[in-house]
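Shown next, in structure tokens, is the structure this report addresses.
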Amino acid sequence: MLEHWAVPYYRESWFHYLLCLYMEKSDLLAKARFLAVSKEQKRFLESFIYLSTLPRSFYMQRPGTIHHALYSCRSEDLEAVTAYFKYARADHILSDALQAYVSTRQNSLPLLRGSDLIEAGLKPSRDFRYYLFEVEKAALNGEMKTKEEALQFVTGRLQL
């Protein structure tokens with residue numbers, strides 16, 4: 001059943017194929033940590049364990065809500081978990097929901113940059129990161145589509 005699971009993006013595919021042996025049960029997945037020898041493998045495994053143990057209801061939320069928890073995960077890791085849900089768990093609803101998030105995230109362009117906030121009269125600060133992330137989440141939810149809407153969101157909704 002797991003022979004269908006493959007991630008073409010990785011150079012060290014032997015690790016991912018071997019990892020398939022541990023995917024049948026989620027408690028075995030944590031025991032697979034000894035397989036990871038490179039920094040990349042360890043990062044992938046930790047992401048994979050985290051993503052595969054989130055409750056099913058988590059993936060049924062709006063894209064911006066999902067993004068709040070998964071923004072630091074690489075698209076390749078998310079696609080691997082999507083394949084895991086689809087082939088190992090045979091959960092097509094879950095794999096489709098995660099794939100929809102991945103697709104939305106990959107196809108969205110940043111509506112706003114720090115330079116746009118400066119042009120709008122805001123002083124550069126550490127808060128820019130927060131403002132831009134809130135815009136990113138709102139855009140993933142379909143709440144805005146233009147740069148002007150994003151600026152209005154920052155100046156109005158975030159009460160600047």
Got Leu111 and Met144 here, is their nearest side-chain heavy-atom distance under 4.5 Å? yes
For Phe128 and Gly114, the nearest pair of non-hydrogen atoms, with its separation, is CE2-O, 3.5 Å
#### Entry: Side chain to side chain, Pro110 and Leu132, heavy atoms closer than 4.5 Å
no
Value for NZ (Lys42) from CD (Glu40), rounded to nearest 0.5 Å, stands at 12.5 Å
key: Single-linkage hydrophobic cluster, 4.5 Å side-chain cutoff, Phe153 and Tyr71 together   = no
Here the pair of heavy atoms bringing Met60 nearest to Ile93 is CE-CG2, 3.5 Å
Original post:
Which of parallel (below 30°), tilted (30 to 60°) and perpendicular (above 60°) describes His67 and Tyr101?
Top reply: tilted
Note to self: Strictly below 4.0 Å, N to O, side chains only: are Arg105 and Glu136 in salt-bridge contact?
What the structure shows: no
key: Side chain proximity check, Leu140 to Ile66, heavy atoms < 4.5 angstrom   = no
*Taking C-beta and beyond as the side chain, do Phe44 and Ser47 meet within less than 4.5 Å on heavy atoms?*
no
Is it true that a side-chain atom of Gln99 and a backbone atom of Ser95 form a donor plus acceptor pair closer than 3.5 Å? no
One thing to verify: whether Arg56 and Asp91 come together as a salt bridge, which I'm taking to mean a side-chain N less than 4.0 angstrom from a carboxylate O. yes
* Asked: For the residue pair Tyr84 and Phe48, does the interplanar ring angle fall in the parallel (under 30°), tilted (30 to 60°) or perpendicular (over 60°) class?
  -> perpendicular
Q) Quick check: does any side chain N or O of Asn107 sit under 3.5 Å from a backbone N or O of Thr104, one acting as donor and the other as acceptor? A) no
dist Lys147:NZ -> Glu119:CD (nearest 0.5 Å) comes out at 5.5 Å
Could you check whether Glu143 pairs with Arg62 (Lys NZ or Arg NE/NH1/NH2 to Asp/Glu carboxylate O, under 4.0 Å)?
yes
Between His68 and Lys137, does any side-chain donor sit less than 3.5 Å from a side-chain acceptor?
-> yes
Discussion item. Between Glu149 and Lys145 (side chain of the first, backbone of the second, donor and acceptor by atom type, cut-off under 3.5 Å), is there such a pair?
Written reply: yes
request  = Please report the C-alpha distance between Val154 and Leu122 in whole Å, then the side-chain angles of each, then the deciding distance to 0.1 Å, and finally whether the side-chain contact (heavy atoms from CB on, under 4.5 Å) criterion is met.
outcome  = CA-CA 10 Å; Val154 170; Leu122 299 173; 4.2 Å; yes
Short question: side chain of Thr65, backbone of Gln61 - any donor-acceptor pair under 3.5 Å?
no
Shared ILVMFWY cluster between Phe133 and Leu151, side chains joined below 4.5 angstrom?
no
Original post:
Mind checking whether Tyr59 and Leu70 have side chains closer than 4.5 Å, heavy atoms only?
Top reply: yes
* Would you confirm whether Ser103, through its side chain, and Ala100, through its main-chain N or O, come within 3.5 Å as a donor-acceptor pair? => no
* Got a salt bridge between Glu79 and Arg74, using NZ or NE/NH1/NH2 to carboxylate O under 4.0 Å? -> no
Could you go step by step and tell me if Leu94 and Phe58 meet the side-chain contact (heavy atoms from CB on, under 4.5 Å) rule? CA-CA 10 Å; Leu94 204 54; Phe58 171 79; over 6 Å; no
Practice item. Decide yes or no for Tyr87 and Thr82: does some side-chain heavy atom of the first lie under 4.5 Å from some side-chain heavy atom of the second? Key: no
**Request:** Test side-chain contact (heavy atoms from CB on, under 4.5 Å) on Ile118 and Lys123 and set out the steps.
**Result:** CA-CA 6 Å; Ile118 293 169; Lys123 274 187 144 180; over 6 Å; no
All heavy atoms of Ser75 vs all of Gln106, minimum pair found to be CB-NE2, 3.2 Å
TODO: Using atom types as modelled and distance alone, determine if a side-chain donor or acceptor of Glu134 lies under 3.5 Å from a backbone N or O of Tyr131.
DONE: no
Donor-acceptor under 3.5 Å (Ser52 side chain, Ile49 main chain): yes
Rounding to 0.5 Å, atoms CZ (Arg43) and SG (Cys73) come to a distance of 8.5 Å
